[in-house]
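Here is the structure we will look at, set down as structure tokens.
Worth saying up front: this structure is predicted, and the values here are computed from it rather than measured. Within every chain, numbering begins at 1; the chains are lettered A, B, ... in the order of the sequence lines, protein sequences first and strands thereafter.
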There are 2 protein chains.
Amino acid sequence: MNESQSVILIDDETDLLKALRRLLKAEGFQVACHTSAAEFLAAARPPSPGCIVLDESMPGMTGLDLQRELVAEGSTLAIVFLTARGDIPMSVRAMKAGAVDFLTKPVKDKDLISSIRMGLKKSADLELNKNEVDLLRGRFETLTDREREVLKFVTQGLPNKQIAASLGLVEQTIKVHRSRVMTKMRAESLAQLVVVAERLGITSQES
Amino acid sequence: MNESQSVILIDDETDLLKALRRLLKAEGFQVACHTSAAEFLAAARPPSPGCIVLDESMPGMTGLDLQRELVAEGSTLAIVFLTARGDIPMSVRAMKAGAVDFLTKPVKDKDLISSIRMGLKKSADLELNKNEVDLLRGRFETLTDREREVLKFVTQGLPNKQIAASLGLVEQTIKVHRSRVMTKMRAESLAQLVVVAERLGITSQES
DNA sequence: AAGTCTATTATACCTTGGTCAAACGGGCTA
DNA sequence: TAGCCCGTTTGACCAAGGTATAATAGACTT
């Protein structure tokens, strides 16, 4: 299970990187190091359940910039900030953007490790959830327009007869669409279909 | 709609309280002032969609203490910290505990007001959600043990026949319970019942 | 002891959901 | 153009859900 113990260190101070790497490896983590945000982005994406330990003040892209970038692309990596020249507004911004923690140098080994474990837990949870949703979305995309329409009505609890009336069709037609929806979404019951629809945020909007 | 614009100022510096009160009243907020956390707790609970502007460093109970207290009792009040002697760990703790913002004195009027508006929005959302869940929980509590059991199975998508078998009963019995559940929970369809069960976190645990 | 609440079962009937088989039409390919 | 796939539609038939009424029985209250 070492795959789920992946830590990415990003800091422009190479001495610190070395020291932290040794510490974290000794703790049993998989460790990757980068000396800038750009270098990290250029590298192949790390195994996704993982935690980034990030310095805020770096030449080029700052830690907050990188965080914004990762959030924007829906990354499931957790971020622990570790910085020397931080201030309150900076930490608040980081936390608002979803950072797991915002630590200041020098940091106690215990604190850093504790935060990293928290981050790994969070990342694993996010990853798990994302995978599930992706799977469901994939199935949803195999539905035809009609089927999506019927899915929407069905998960709102409308009976077939009413759905048919709304769409100007006969009840039997709805039944067939409904059946296909169940098959394609791999739902074994209406109850399951409803929770799936909830997770996909299917309400009424969009085309 | 001024009820939903309620701000509670808690700070031991009375001069600041006065100044902020004037500012916020001019902005159209309902303002209440307290000079300590204890005084606030002793007072009647303010209208619940509201935002607390809280100083961290006060004699007696600190801001973080009060925040912990409010979180523990499930308050829907939002909290904006406003403090002079703050540091990063303090701000991080506050944000982790769900503060809307952590501002430092002196603060720009614009920033404070912006945070307060954010807090009011958040509080209103929490309040709305809490009211809904409370309503549903109230209905759930009118169910008998058997009915809750049946509710659990039904919202998992099991057909009556199987539920009956699981409980060593006849299908008709389940139908009766099921019908009562629908009535008591005021659900008009299985779909609605399922989402209600989701919001109540009904899965399988507890007695 | 009478009354209330809950749980259980039964009968009967109606409504709704689910599956099977099949027809129709548009668009694409050989 | 003929054949084919896909999406859509429909009818016939069977299974499951929902309602109404009623009866029995235990637990608890007054």
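Taking 4.5 Å as the limit, some side-chain heavy atom of B:Leu143 sits within range of a side-chain heavy atom of B:Met185. Contact of the A:Phe81 side chain with the B:Val92 side chain is not registered, since no non-hydrogen atoms from C-beta on lie closer than 4.5 Å.
With DNA chain D read from its 5' end, the first of the two nearest nucleotides for A:Gln172 and A:His177 is the one closest to A:His177. Between A:Lys175 and A:Leu167, it is A:Leu167 whose nearest contact on DNA chain D lies nearer the 5' terminus.
A:Leu190 comes within contact range of no nucleotide atom at all, as no heavy-atom separation falls under 4.0 Å. The residue A:Arg180 sits close to a base: some heavy atom pair falls under 4.0 Å.
Rounded to an integer number of Å, the gap from CG of B:Leu169 to P of C:dT6 is 17 Å. Residue B:Glu171 contributes atom CD, which lies 14 Å from atom C1' of C:dT11 at whole-angstrom precision. A:Lys161 places its NZ atom 7 Å from the C1' atom of C:dT15, with the value rounded to the nearest Å. Remark: P of D:dG17 and CD of B:Gln162 are 9 Å apart, rounded to the nearest angstrom. What separates CD1 of B:Ile163 from C1' of C:dT8 is a distance of 16 Å, to the nearest Å. Note: CD (A:Glu147) to P (D:dT8) measures 6 Å, nearest angstrom. Atom CG in A:Leu151 sits about 15 Å away from atom P in C:dG17, given to the nearest Å. In this structure, A:Asp145 places its CG atom 12 Å from C1' of D:dT8, rounding to the nearest Å.
Applying the 4.0 Å criterion to OP1 and OP2 of C:dT16, one finds that A:Asn160 has every side-chain N and O outside that range. The shortest distance between the side-chain N/O atoms of B:Thr144 and the OP1/OP2 oxygens of C:dC5 is not below 4.0 Å. At C:dG17, none of the side-chain N or O atoms of A:Ser179 fall inside 4.0 Å of OP1 or OP2 (strictly under the cut-off). Between A:Arg146 and the phosphate of D:dT9, there is a side-chain N or O to OP1/OP2 separation shorter than 4.0 Å.
Between the A:Glu56 side chain and the A:Leu64 main chain, a donor and an acceptor come within less than 3.5 Å of each other. At least one donor-acceptor pair closer than 3.5 Å links the side chain of B:Gln67 to the backbone N or O of B:Ala94. Panel note: side chain A:Thr142, backbone A:Gly138; no donor-acceptor pair is recorded below 3.5 Å.
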